[in-house]
2 protein chains.
Amino acid sequence: MALGKDYATQECSIARALEVVGERWTLLVVRDALYGVRRYNDFLVHLGIPRAVLAARLQALTAEGILEKRRYQQSPPRDEYVVTERGIALWPTLRSLGRWGREHFGEEQLRIFRHTGCGTELGAYGECPACGTFVPAPDVLMVPGPGLDPDPADPVSRALLRPKRLLEPIDTGQV
Amino acid sequence: MALGKDYATQECSIARALEVVGERWTLLVVRDALYGVRRYNDFLVHLGIPRAVLAARLQALTAEGILEKRRYQQSPPRDEYVVTERGIALWPTLRSLGRWGREHFGEEQLRIFRHTGCGTELGAYGECPACGTFVPAPDVLMVPGPGLDPDPADPVSRALLRPKRLLEPIDTGQV
DNA sequence: CTGGTCGGTTCAATCAATGAACCAAGGGTG
DNA sequence: CACCCTTGGTTCATTGATTGAACCGACCAG
């Protein structure tokens, strides 16, 4: 039970996946990483997660190759967590999960995802209905939907109000 | 915190979804329900889950409208848990999650999903590459893959070795 | 009456999450 | 230099969830 979860008796890829990303908060961290969040403090204020848990999740995700820790300035030394290919590969799953959440429990659309360029809203698992192809994460444009609070408290949520592509680092407007 | 998880500060359909199905074991229960498991004892032996947790999850999933408890015999009174439309709607998400798990952490294929009739293996989120359409759960044929233990201990795993459609109730061969 | 099955509930022990406090390496300002 | 600030953590006591074993009750079969 390397990871604090073990679905050891399960012969199943779903169980295997959940061992990696099934813990509380983990998928939300990955979601934020796809949205362009990279820094410890940004995850912290945006998720409202306890510091100890965040540190543990970032470390675990890094160990699993879903995030990559890298130094973005030498002095003072500062690291950021950047989502890897393996993490980006979770985008269709998260898209599909979010879609299910909204269709069955949400009312209004909170975020709208479009195919950059063609502008068409994505289908259920991240494909472009107009082009008929899967849209890779960097070509997904995220814009705020009608249900989203137009004046959120934390700077990360505020930065996420601006239309932006997935993976593109957020700009919190701070230093 | 109605559900033991609250991602209350999150304005996000993914967070909303995870409040419902994000707890430990929950998605595996839904997976089993899609595979045709319906009875308390079958979930129990197949998942290796503590009884108290299983009871809690079944109740929560029923309350959320993902499973439906219904009496299948009067005497002695016996209930089964059948997956609803809302639960079936999780199929593409689970498919996509399992696919990710196998591609990034698995070696061999454990279960293969085909489009009934046409026989084509499903794509990443449950569509048929040959037909170009999404394959509804009842038309998905599940067959064991090369990585699956050919002689598992519990009767549910044994029943799942037979090719069967999703949702079709399993037959454990018991009374 | 006895034993067995099914579908649970109860309970003590363990494990994980939470939130507040603390810490340390650097700046930046005066 | 003194002081405070930012970033990215760690530590720790409290609370909450999970676990596994034991128990329970309705029913049936012999």
Side-chain angles (χ1 to χ4, degrees), chain A residues 1-9 18-19 22-29 32 37-62 67 69-82 154-156 170 172-175, chain B residues 1-10 18-19 21-29 32 37-62 67 69-82 154-156 170 172-175:
Chain A
M1 95 171 171
L3 271 163
K5 318 207 95 179
D6 66 325
Y7 296 123
T9 68
L18 287 173
E19 283 182 16
E23 284 174 302
R24 186 144 158 67
W25 295 112
T26 302
L27 277 177
L28 293 184
V29 172
D32 270 18
V37 176
R38 295 185 167 189
R39 290 159 66 159
Y40 184 91
N41 252 293
D42 289 342
F43 284 108
L44 200 67
V45 301
H46 189 232
L47 293 170
I49 182 179
R51 308 175 77 90
V53 177
L54 176 59
R57 294 296 180 273
L58 289 174
Q59 210 182 340
L61 285 169
T62 303
L67 300 181
K69 186 174 186 168
R70 70 177 181 215
R71 185 137 303 184
Y72 67 91
Q73 79 181 23
Q74 288 301 333
S75 175
R78 291 281 181 265
D79 297 320
E80 60 183 4
Y81 294 89
V82 185
D154 73 282
V156 178
I170 59 160
T172 54
Q174 299 178 324
V175 182
Chain B
M1 118 168 151
L3 272 160
K5 317 206 95 177
D6 66 325
Y7 296 123
T9 68
Q10 296 298 310
L18 287 173
E19 283 182 15
V21 296
E23 284 175 302
R24 186 145 158 68
W25 294 111
T26 303
L27 277 177
L28 293 184
V29 172
D32 270 17
V37 177
R38 295 184 168 190
R39 291 160 66 158
Y40 184 92
N41 251 292
D42 288 342
F43 285 109
L44 200 67
V45 302
H46 190 231
L47 293 171
I49 181 178
R51 306 176 78 88
V53 176
L54 176 59
R57 295 295 182 274
L58 289 174
Q59 209 182 341
L61 285 169
T62 304
L67 300 181
K69 185 174 187 168
R70 71 179 182 213
R71 184 136 303 182
Y72 68 90
Q73 80 180 22
Q74 289 300 333
S75 178
R78 290 281 183 263
D79 297 320
E80 60 184 4
Y81 295 90
V82 184
D154 73 283
V156 178
I170 60 161
T172 54
Q174 298 178 323
V175 182

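Convention: sequence-line order gives letters A, B, ...; per-chain numbering from 1.
Summary of the strand contacts: A:V53 and A:P77 both lie near DNA chain C, and taking for each the nucleotide with the nearest heavy atom, the more 5' one is attributed to A:V53. If B:A52 and A:P76 are placed on DNA chain C by their nearest nucleotide, the residue sitting closer to the 5' end is B:A52.
Spacing between atom OH of B:Y72 and atom P of C:dC6 amounts to 8 Å, rounded to whole angstrom units. Spacing between atom CD of A:Q73 and atom P of C:dG28 amounts to 10 Å, rounded to whole angstrom units. The nearest whole Å value for the distance from the CG atom in A:L28 to the P atom in C:dA17 is 13 Å. To the nearest angstrom, P of D:dG8 lies 14 Å from CZ of A:R70. Atoms CG (B:D79) and P (C:dG8) sit 7 Å apart, rounded to a whole Å. One can place CD of B:E23 at 13 Å from C1' of C:dA16, the figure rounded to the nearest angstrom. Per the geometry, CZ belonging to A:R39 stands 12 Å off P belonging to D:dT6, to the nearest Å. Rounded to a whole Å, the CZ atom of A:R51 is 12 Å from the C1' atom of D:dT11.
The nearest pair of heavy atoms linking B:V21 to B:L27 is O-CG, 3.5 Å. Closest approach of A:D79 and A:R71 over heavy atoms only: OD1-NE, 3.0 Å.
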Before giving the answer on side-chain hydrogen bond (donor to acceptor under 3.5 Å, both in side chains), spell out for B:R38 and B:Y72 the whole-Å C-alpha distance, their side-chain angles and the decisive distance to 0.1 Å. CA-CA 10 Å; B:R38 295 184 168 190; B:Y72 68 90; over 6 Å; no
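Dashed line: the shortest gap from a side-chain N or O of A:W25 to OP1 or OP2 of C:dA16 is not under 4.0 Å. Of the side-chain N and O atoms in B:Y81, none sit less than 4.0 angstrom from OP1 or OP2 of C:dC6. Between A:R57 and C:dA17 there is a side-chain polar atom (N or O) within less than 4.0 angstrom of OP1 or OP2. Between B:R24 and D:dT19 there is a side-chain N or O to OP1 or OP2 distance below 4.0 Å.
Nearest nucleotide to the A:Y40 side chain, out of D:dT6, C:dG26, D:dG9: D:dG9. Ranking D:dT19, C:dC6, C:dG19 by closeness to the A:P50 side chain, first place goes to C:dG19.
For the pair B:I49/B:F43, no side-chain contact is recorded, criterion being any heavy-atom separation below 4.5 Å from C-beta on.
With hydrogens and angles ignored, the 3.5 Å screen pairs no side-chain donor or acceptor of B:E19 with any backbone N or O of B:G22.
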